Participant: 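Supplied in C-alpha cells, the structure appears directly below.
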Amino acid sequence: MQKTETIKKYELIVIVDAKLSNEEKEGIRKEAVDIVVKGGGKVINSQVWLEKHKLTFRIKKCGDGTYYLVNFEADNQAAEKIRSNLRLNEKILRYAVIKAG
C-alpha cells in the first residue's frame with residue numbers, strides 16, 4: 001500500500017526592498033511564484049499585500065519593504081523544497097511560509 005502525501009494550503013509572504021522599481025519588484029514576485037511552481041506547489045493567488053511598509057529593523061540596509069502574499073497548495077515535501085529554494089534568492093529580504101487554516 002502506498003502512502004500518499006496530503007495536499008495542504010500555505011501562505012508565502014515575501015519582503016523585498018521598497019526602493020526597487022516596480023519592474024524589479026514584479027520580477028522578484030514572479031521568481032517567488034516560479035520557485036513555488038518548480039518546487040511542486042500549485043499557486044492559487046499572488047498579490048501585493050503592503051506596498052511600502054516601514055520595517056521594525058533594517059534588513060540588508062533596507063528600512064522599507066514591499067510585502068507580497070502568495071497562496072499555494074503543496075504537500076509537506078514540496079513545501080520544504082520551496083523553503084530551501086527561497087533561502088537561496090538573495091533579492092528576497094525575508095520570507096515566511098505558513099500553513100493556512
Side-chain angles (χ1 to χ4, degrees):
M1 203 154 95
Q2 264 187 333
K3 183 181 172 188
T4 57
E5 284 280 336
T6 58
I7 303 296
K8 296 181 181 143
K9 293 185 179 199
Y10 292 91
E11 290 182 345
L12 165 63
I13 299 164
V14 176
I15 305 173
V16 300
D17 186 356
K19 291 185 187 100
L20 296 174
S21 72
N22 285 339
E23 292 81 24
E24 289 173 307
K25 289 189 281 190
E26 183 60 21
I28 297 169
R29 184 197 63 77
K30 284 181 182 174
E31 284 178 32
V33 168
D34 285 346
I35 288 171
V36 170
V37 172
K38 288 177 184 171
K42 178 184 169 199
V43 175
I44 298 166
N45 185 18
S46 170
Q47 65 192 32
V48 173
W49 187 25
L50 294 169
E51 185 59 47
K52 186 175 180 184
H53 187 73
K54 181 98 174 127
L55 300 173
T56 305
F57 54 90
R58 295 176 79 72
I59 304 171
K60 298 182 184 177
K61 300 181 182 177
C62 297
D64 295 312
T66 297
Y67 289 62
Y68 289 99
L69 175 65
V70 179
N71 299 93
F72 68 96
E73 294 177 337
D75 60 32
N76 288 338
Q77 189 175 4
E80 281 305 313
K81 186 176 181 182
I82 291 163
R83 282 185 184 98
S84 64
N85 288 334
L86 286 166
R87 213 173 284 128
L88 299 174
N89 191 323
E90 294 181 7
K91 298 172 191 168
I92 296 173
L93 299 178
R94 287 283 191 278
Y95 71 91
V97 177
I98 305 159
K99 245 184 258 183

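Remember, predicted model here, so these are calculated numbers, not experimental data.
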Participant: Could you tabulate the donor-acceptor pairs under 3.5 Å formed by side-chain atoms of residues 30-40, not counting sequence neighbours?
Facilitator:
residue	atom	partner	partner atom	Å
E31	OE1	N89	ND2	2.9
E31	OE2	K91	NZ	3.0

Participant: Could you tell me the separation between the OG1 atom of T66 and the NZ atom of K19, rounded to the nearest 0.5 Å?
Facilitator: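 Spacing of OG1 (T66) from NZ (K19) equals 10.5 Å.
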
Participant: SG of C62 to CG of L93: how many Å apart, nearest 0.5 Å?
Facilitator: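 The CG atom of L93 is 5.0 Å from SG of C62, to the nearest 0.5 Å.
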
Participant: With a 4.5 Å cut-off on side-chain heavy atoms, are Y95 and I15 touching?
Facilitator: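 With C-beta onward as the side chain, the pair stays apart.
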
Participant: Are E11 and L69 close enough, and set up right, to give a side chain to side chain contact (heavy atoms under 4.5 Å, CB included), and what steps lead you there?
Facilitator: CA-CA 7 Å; E11 290 182 345; L69 175 65; 4.1 Å; yes

Participant: How far apart are the C-alpha atoms of K8 and N76, what are their side-chain angles, what is the distance that settles it, and do they pass the side chain to side chain contact (heavy atoms under 4.5 Å, CB included) test?
Facilitator: CA-CA 8 Å; K8 296 181 181 143; N76 288 338; 3.3 Å; yes

Participant: Give me the atom names and distance for the closest heavy-atom approach of A18 to K52.
Facilitator: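 Smallest interatomic distance, heavy atoms only, reads CB-CG, 3.9 Å.
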
Participant: Quick check: does any side chain N or O of K60 sit under 3.5 Å from a backbone N or O of E90, one acting as donor and the other as acceptor?
Facilitator: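 Side chain of K60 to backbone of E90: a pair is present.
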
Participant: Have E24 and N22 got a donor and an acceptor in their side chains that come within less than 3.5 Å?
Facilitator: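 No donor-acceptor contact under 3.5 Å links the two side chains.
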
Participant: Find out whether N71 and V43 are in side-chain contact, i.e. whether some heavy atom of one side chain is under 4.5 Å from a heavy atom of the other.
Facilitator: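 Sidechains of V43 and N71: no contact.
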
Participant: Compare all side-chain heavy atoms of H53 with those of D64 and state whether any distance is below 4.5 angstrom.
Facilitator: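 Contact flag for H53/D64 side chains = no.
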
Participant: Grab the two heavy atoms, one from R83 and one from E80, that are nearest each other, plus how far apart they are.
Facilitator: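 Residues R83 and E80, closest heavy atoms: NH1-OE2, 2.8 Å.
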
Participant: Just so I know, are the side chains of Y68 and I13 near enough to count as touching, which here means a heavy-atom distance under 4.5 Å?
Facilitator: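 Answer no - side chains too far apart.
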
Participant: When hydrophobic residues are tied together by side-chain contacts of less than 4.5 Å, even through go-betweens, does I59 share a cluster with L86?
Facilitator: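 Not linked; separate clusters.
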
Participant: Are the side chains of E73 and I44 in contact, using a 4.5 Å heavy-atom criterion?
Facilitator: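 Heavy-atom side-chain distance check passes, below 4.5 Å.
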
Participant: Transitively linked via ILVMFWY side-chain contacts under 4.5 Å: L12 with V48?
Facilitator: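 Both belong to a single hydrophobic cluster.
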
Participant: When rounded to the nearest 0.5 angstrom, what is the spacing between CD1 in I28 and CG in L20?
Facilitator: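 Those atoms lie 5.0 Å apart.
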
Participant: To the nearest 0.5 angstrom, please state how far the CD atom of E23 sits from the CD atom of E26.
Facilitator: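 Rounded to the nearest 0.5 Å, the CD-CD separation comes to 9.5 Å.
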
Participant: Between NZ of K81 and CG of D75, what distance do you get to the nearest 0.5 Å?
Facilitator: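 Answer for the NZ-CG pair, K81 versus D75, is 10.5 Å.
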
Participant: Report the distance from atom CD of E51 to atom OH of Y67, rounding to the nearest 0.5 Å.
Facilitator: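 Going from CD on E51 over to OH on Y67, the span is 13.0 Å.
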
Participant: In terms of hydrophobic clustering (I, L, V, M, F, W, Y; side-chain heavy atoms under 4.5 Å; direct or indirect links), are F57 and L50 co-clustered?
Facilitator: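 Same hydrophobic cluster.
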
Participant: Could I get the full list of ring-ring contact (aromatic ring centres under 6.0 Å, His included) partners for Y10, not counting sequence neighbours?
Facilitator: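 Y10: ring-ring contact (aromatic ring centres under 6.0 Å, His included) contacts with F72.
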
Participant: Give the minimum heavy-atom separation between R29 and S46, together with the two atoms involved.
Facilitator: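 The answer is NH1-OG, 2.6 Å.
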
Participant: With sequence neighbours left out, write down each residue that passes salt bridge (Lys or Arg N to Asp or Glu O under 4.0 Å) with R94, or none if nothing qualifies.
Facilitator: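 With neighbours one apart ignored, the set is empty.
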
